[in-house]
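Worksheet: the structure to be examined is printed underneath.
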Amino acid sequence: MNLTLKVWRQQNPSDKGGFKEYKLSGISADMSFLEMLDVLNEDLSEKGEDPVHFDHDCREGICGMCSLYINGQPHGPTQTTTCQLHMRSFKDGDTITIEPWRANAFPIVKDLVVDRGSFDRIIQSGGYVSVNTGGVPDANEIPIPKIIADEAFDSATCIGCGACVAACKNASAMLFVSAKVSQLALLPQGKVEKRERAEKMVAQMDEEGFGACTNTGACSAECPKEIDLSNIARMNREYFAASLSTEKS
Amino acid sequence: MKLDSKIPNGPLAEKWTNHKFNVKLVNPANKRKYNIIVVGTGLAGASAAASLAELGYNVQAFCFQDSPRRAHSIAAQGGINAAKNYQNDGDSVFRLFYDTIKGGDYRSREANVYRLAQVSVNIIDQCVAQGVPFAREYGGLLANRSFGGAQVSRTFYARGQTGQQLLLGAYSALSRQVANGKVKLYPRTEMMDVVTIDGKAKGIVTRNLITGAVESHSGDAVLLCTGGYGNVFFLSTNAMGSNVTAAWRAHKKGAYFSNPCYTQIHPTCIPVSGDHQSKLTLMSESLRNDGRVWVPKTVEMAEKLRKKEIAPKDIKDEDRDYYLETKYPSFGNLVPRDVASRNAKYVCDDGRGVNETGEAVFLDFRDAILRDGEDAVRGKYGNLFDMYEKITGENPYKTPMKIYPAVHYTMGGLWVDYNLMTNVSGLYALGEANFSDHGANRLGASALMQGLADGYFVIPYTIGDYLAKHPNEKISVDHPEFKKCEEEVKAKIQNLLSINGSKTVDHFHKKLGKIMWNYCGMARNAAGLTKAKEMIKELKKEFWADVKVLGTGEELNLSLEKAHRVADFLELGELMVVDALHREESCGGHFREEHQTPEGEALRDDEKFAYVAAWEYAGDGKEEILNKEDLVFENVKLTQRSYK
Amino acid sequence: MSWVSKTLNSTLGKKLLMALTGLFLILFLVVHLAGNLQLIFPDEGKSFNIYAETMATNPLIRVVSILNFGFILLHAVYAVILTRHNKKSRPIGYAVSKASENSTWSSRSMGILGTLIFIFLLVHLRGFWYELKFGEVPMVTYDGVSYKDSFAIVSAAYQNILYVIFYVVSMGVLAFHLSHGFASAFQTLGINHTKYTPFIKKLGLAFAIIVPALFALIPIVMFIQGS
Ligand SMILES: Cc1cc2nc3c(=O)[nH]c(=O)nc-3n(C[C@H](O)[C@H](O)[C@H](O)COP(=O)(O)OP(=O)(O)OC[C@H]3O[C@@H](n4cnc5c(N)ncnc54)[C@H](O)[C@@H]3O)c2cc1C
Ligand code: HEM
Ligand code: SF4
Ligand code: FES
């Protein structure tokens with residue numbers, strides 16, 4: 001198929017940036033979206049033009065490294081990661097607009113590459129169970145009801161891609177943060193610190209400059225791992241309960 | 001040089017306990033004086049960095065991705081082994097040890113493997129305590145499944161995302177230490193070289209991938225946890241960024257590279273669909289528990305399939321060749337990976353491949369769906385089926401999956417002793433980056449186990465022994481060795497940028513991949529390998545004369561990053577071929593066509609080749625020197641593997 | 001910082017205030033509607049006038065109504081704070097956006113909808129509350145007691161077709177605000193459950209349609225009655 005691409009090009013964080021148009025031909029429907037960009041980059045390189053920079057690694061939909069806002073939607077028209085999006089989702093002659101994730105807390109590095117370090121800092125603020133290596137009880141010591149374990153797993157599948165932030169009109173990170181808060185609040189191992197965790201992670205989220213939640217649900221609708229909005233409700237509960245109950249202010 | 005594997009004395013079962021007692025300890029107050037550099041934040045790196053920081057060491061952790069959470073370990077699907085014997089089906093530390101040694105075709109060290117089996121049980125405890133949501137039974141206890149050739153159910157799993165959950169656990173422990181100020185993270189930073197001073201590893205030189213700055217970091221020990229080198233084949237199930245650069249540069253600084261030719265080809269991957277393909281996707285091996293592998297009995301029928309004149313379901317049972325089940329009645333579809341892969345190659349070479357390229361076999365769930373119902377099958381494999389459908393556009397509930405082998409894992413790697421130290425003092429290698437525990441073939445669900453064993457439970461003990469014996473001396477990054485190394489790195493970057501040839505980096509990578517796959521892949525022979533060696537030499541020359549790397553060194557520059565990696569792959573590729581050529585036997589993932597049993601099974605030569613090949617870099621353009629570490633088996637009897 | 005101000009200054013705390021004030025306003029709407037429906041009782045405004053008088057004099061009601069003003073203001077102030085914060089969180093927008101694929105229009109337009117409601121409220125208060133409290137209101141007598149003839153003020157106002165249209169349109173705006181706001185408030189409070197959430201959503205939608213519709217009915221009926 002033949003395509004027209006409108007790609008955001010930006011040399012570096014301080015550059016103003018703008019769209020550039022490219023024509024591509026001979027794209028097969030079996031290609032993944034990133035393979036289509038590989039073709040573009042090979043073309044550009046051969047012509048001596050700087051290839052389009054974009055993030056990717058596993059290309060299996062699990063590392064969360066790929067991003068891209070494609071034709072008005074994060075990860076494009078299907079509810080998967082960009083690396084799992086295939087060209088069969090497009091038609092011959094389509095124009096595809098590709099933009100980076102846009103959020104105050106995700107500054108642009110180059111072209112379509114953004115810095116998602118804010119997510120790491122949120123996890124650092126409390127997204128863990130405080131146990132050291134060794135000296136832990138036997139794995140079967142605490143039985144966990146299967147439904148609880150499964151629910152925790154559903155929350156734990158978040159890949160940290162940031163599509164939720166990209167989709168949200170407020171660039172809010174609530175879905176990402178709540179997925180981790182939920183996973184750990186559900187499991188007995190994580191319950192011990194659930195209150196402090198919610199408080200710290202929310203504080204860090206705010207400090208990073210993400211927006212607030214209007215409950216539009218755009219995040220969950222675009223999340224490639226289908227993280228549910230109930231996670232956000234659970235985090236709200238945990239947070240309010242924490243505010244009312246934790247001893248330190 | 002004589003290789004000293006430092007295997008402790010005493011009976012197998014007590015070696016590790018004794019060793020832990022005998023190693024020197026670093027006084028808690030002194031730990032904070034030591035700086036440890038950990039390159040890589042996969043299972044091995046993240047677990048090591050977190051555990052060492054918890055002990056009180058200062059850690060600097062590096063990865064090339066934008067976050068430690070994205071290391072390639074994230075992609076592991078199937079599960080992680082542990083000798084818990086929760087299922088009461090006869091598992092034990094000794095059985096896991098035995099299976100691993102046997103599965104590795106008797107090319108690994110007994111002592112290391114036994115230790116691995118011992119600490120496997122602690123790993124599961126640790127992960128559960130971190131909040132890793134492993135699969136559970138209705139009673140609330142942990143669930144297990146049998147995996148890749150094992151006859152006991154010892155694999156713990158988290159749906160098809162075990163690696164992700166384990167890595168996120170290790171990443172959370174790492175993050176906690178970052179918050180504690182004990183770990184400093186350097187994401188989007190690529191290690192370019194190791195710096196040795198007086199024969200000891202004292203730091204690394206890195207390139208900041210965003211700014212291009214070449215910088216030095218000094219430390220008292222350097223841990224390479226940089227993963228495997230499967231991407232030498234261009235197409236593999238590894239992530240796009242997986243590379244050999246860190247290990248290779250260490251190799252060029254004196255660390256021996258062991259058994260590079262041992263590569264694992266995974267039998268259940270989605271077949272190649274065209275030239276544009278950038279990577280191959282693994283379908284978890286657990287699928288073989290319920291899926292049945294087959295091709296049509298006749299070439300004619302296969303041709304009709306390829307032309308889409310008939311559909312798979314039109315082929316009657318008596319016209320299907322369930323070749324694994326007939327050939328290996330007791331293991332059936334669960335034979336080890338190398339056996340399954342090679343047999344797929346044979347039936348396809350025979351002209352019975354089932355897709356357009358003729359390189360695919362069926363993995364059929366029809367019978368499982370009839371037996372257990374579609375819901376049960378969906379419960380077990382739902383996400384894998386969805387992934388398959390997304391990639392291929394075909395629905396595996398309705399029509400059998402098509403699979404073909406693909407490069408998946410590299411057993412070879414930096415040579416390490418029992419303490420995981422390379423032959424360079426103070427330089428360690430953990431996880432897939434070392435050669436240690438899997439011999440010539442890795443069992444399913446054992447890499448995750450090894451990575452975490454190395455990081456959580458081995459290195460925290462063994463590194464203390466080295467540090468205690470080497471009082472820490474702060475070495476400034478202004479030391480001439482660091483400066484020299486920085487200059488070399490900068491010169492190399494400049495060199496790559498200045499060639500300004502006519503072919504892209506990918507062009508060379510693809511070419512190298514083809515050579516490796518054709519001559520150093522599932523089956524190898526002397527003629528092919530000799531030819532490949534010459535071809536790689538040529539290609540390397542061409543690369544340095546005609547590669548085109550755009551942009552500058554002072555910015556995010558993907559083609560420059562790739563160029564470095566491909567340059568190292570070219571050198572590694574040659575060594576792999578040399579290693580494969582010298583090993584005149586077949587074992588595990590290394591199958592030499594000249595050496596097979598009448599039934600076409602791998603034929604080992606224990607007399608001549610029961611050793612670890614440890615290659616020593618001899619200088620640019622010189623043949624590498626072979627060192628041997630003899631493998632001594634005191635607790636298992638070497639037998640011809642048989643899965644009949 | 002005290003824990004109260006810390007909590008209320010977080011994005012979650014601000015949202016908590018939005019939700020609580022929003023829910024209070026929803027309750028208020030019900031009470032207000034119950035009273036207003038008396039406008040269309042066929043009794044020439046008697047029951048409405050008595051009701052209005054009670055509302056204006058009963059001390060408890062007065063406290064509630066002051067609270068109500070406070071909450072409207074609080075809701076509006078926090079709406080502004082949040083909306084500005086949210087705008088700042090994405091300084092540069094997208095060139096192409098297909099937000100309709102992932103969310104409802106009303107959920108994305110709460111700020112505009114709220115502002116329109118606010119304008120409506122100003123007009124509404126100026127027209128009735130202010131008139132009744134500080135303006136010249138004719139008196140009527142029922143059973144020997146004299147009341148302000150609030151009904152006369154209202155029915156006079158509803159003879160202006162423009163005024164009626166403004167009213168009806170504003171109720172439409174309120175409907176959209178509530179179609180998202182009702183269920184959203186529960187989510188903000190952390191009330192989300194596979195069993196109850198679908199019900200809350202349906203109830204919210206029903207509320208968002210019925211209540212504004214009944215409000216809108218009043219001026220329409222009175223306009224028709226008057227002409
Ligand atoms: C698709 C797939 C499925 C698998 N499934 C299973 C399974 O079910 N069970 C199982 O046991 N095993 C499985 N494996 C194997 C297993 O996942 C890997 O062997 C293991 O995770 C490797 O871990 P690691 O920590 O050694 O390296 P990795 O996870 O690969 O981490 C490497 C790290 O090194 C960093 N790095 C590399 N080079 C540099 C450099 N030059 N400078 C700086 N940083 C660098 C990277 O950023 C990364 O952080 C699977 C592998 C694949 C590919
Ligand atoms: C009768 C009047 C009103 C009612 C019943 C009402 C009700 C609600 C409710 C229930 C919510 C949902 C709260 C949540 O998501 O937790 C809400 C949100 C909102 N309201 Fe109102 N509201 C009214 C008037 C106003 C006014 C006057 C304004 C503005 C000036 C306003 C602006 C907003 C905004 C911006 C939001 C969304 C806040 C966010 O989530 O970002 N509302 N309203
Ligand atoms: S919640 Fe979903 S969209 Fe957001 S980071 Fe996680 S996986 Fe990505
Ligand atoms: S590249 Fe890893 S999720 Fe897309």
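Because only heavy atoms are used, hydrogens play no part in the values below, and waters and symmetry mates are left out as well, while side chains stay in.
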Legend entry - From CG (A/Leu229) to OG (C/Ser184), nearest 0.5 Å: 10.0 Å
Inset, instruction - Answer yes or no: is there a side-chain heavy-atom contact under 4.5 Å between A/Thr216 and C/Thr104? - result: no
Inset, instruction - Go through A/Ala221, A/Ala212, A/Ala105 and name the one with the most non-hydrogen pairs under 4.5 angstrom from chain C. - result: A/Ala212
Legend entry - Nearest atoms (heavy-atom pairs only) where A/Asn236 meets C/Thr188: ND2-O, 3.1 Å
Legend entry - Region of C/Lys88 in contact with chain A, defined by heavy-atom distances below 4.5 Å: backbone
Legend entry - Separation of A/Asp206 CG from C/Leu12 CG (nearest 0.5 Å): 7.0 Å
Inset, instruction - Examine whether an atom of C/Ile92 lies under 4.5 Å from a heavy atom of chain A, and if so say whether it belongs to the side chain, the backbone or both; otherwise answer neither. - result: both
Inset, instruction - Just give me the residue among C/Ala99, C/Ser103, C/Gly13 that pairs up with chain A most often, heavy atom to heavy atom, under 4.5 Å. - result: C/Ser103
Legend entry - Considering all heavy atoms, the nearest A/Tyr69-C/Val96 contact: CE2-O, 3.4 Å
Inset, instruction - Verify the neighbour count for atom OH of C/Tyr130: are there more than 12 heavy atoms of other residues, nucleotides or ligands below 6.0 Å? - result: no
Inset, instruction - Would you kindly say whether C/Ser107 and A/Asn215 are connected by a side-chain donor-acceptor distance under 3.5 Å? - result: no
Inset, instruction - Give, as side chain, backbone, both or neither, the part of C/Thr194 having an atom under 4.5 angstrom from any heavy atom of chain A. - result: neither
Inset, instruction - Return the option, out of A/Cys213, A/Pro77, A/Ala203, with the maximum number of heavy-atom pairs under 4.5 Å with chain C. - result: A/Cys213
Inset, instruction - May I ask you to name which of A/Ala218, A/Ala103, A/Gly217 has the most heavy-atom pairs under 4.5 Å with chain C? - result: A/Ala218
Legend entry - Closest non-hydrogen atom pair, A/Gly209 against C/Ser89: O-OG, 3.5 Å
Legend entry - A/Phe106, part contacting chain C, at a heavy-atom distance under 4.5 Å: neither
Inset, instruction - Any chance you could lay out the side-chain contact (heavy atoms from CB on, under 4.5 Å) test for A/Ile232 and C/Gln187, step after step, and finish with the verdict? - result: CA-CA 8 Å; A/Ile232 295 185; C/Gln187 165 81 0; 3.6 Å; yes
Legend entry - Over 12 foreign heavy atoms within 6.0 Å of CZ, A/Arg88: yes
Legend entry - Distance-only polar pair, side chains of A/Tyr239 and C/Ser10, donor-acceptor under 3.5 Å: yes
Inset, instruction - Can you tell which part of A/Leu244 gets under 4.5 Å to a heavy atom of chain C, answering side chain, backbone, both or neither? - result: both
Inset, instruction - Kindly compute the distance separating OH (C/Tyr94) from CH2 (A/Trp8), expressed to the nearest 0.5 Å. - result: 12.0 Å
Legend entry - Residue selection (most heavy-atom pairs with chain A, distance under 4.5 Å) from C/Gly93, C/Ser106, C/Ala183: C/Gly93
Legend entry - Winner by heavy-atom pair count (cut-off under 4.5 Å) against chain C, out of A/Gln73, A/Arg237, A/Met174, A/Arg102: A/Arg102
Inset, instruction - Compare all side-chain heavy atoms of C/Met110 with those of A/Thr214 and state whether any distance is below 4.5 angstrom. - result: yes
Inset, instruction - First locate atom CE of A/Met205, then atom OG1 of C/Thr11, and finally report the distance between them rounded to the nearest 0.5 Å. - result: 4.0 Å
Legend entry - chain C-proximal positions within residues 163-172 of chain A [heavy-atom distance under 4.5 Å]: A/Val165, A/Ala166, A/Ala167, A/Cys168, A/Lys169, A/Asn170, A/Ala171
Legend entry - Largest heavy-atom contact set with chain C, pairs under 4.5 Å, which of A/Gln79, A/Glu222, A/Arg234, A/Lys6: A/Glu222
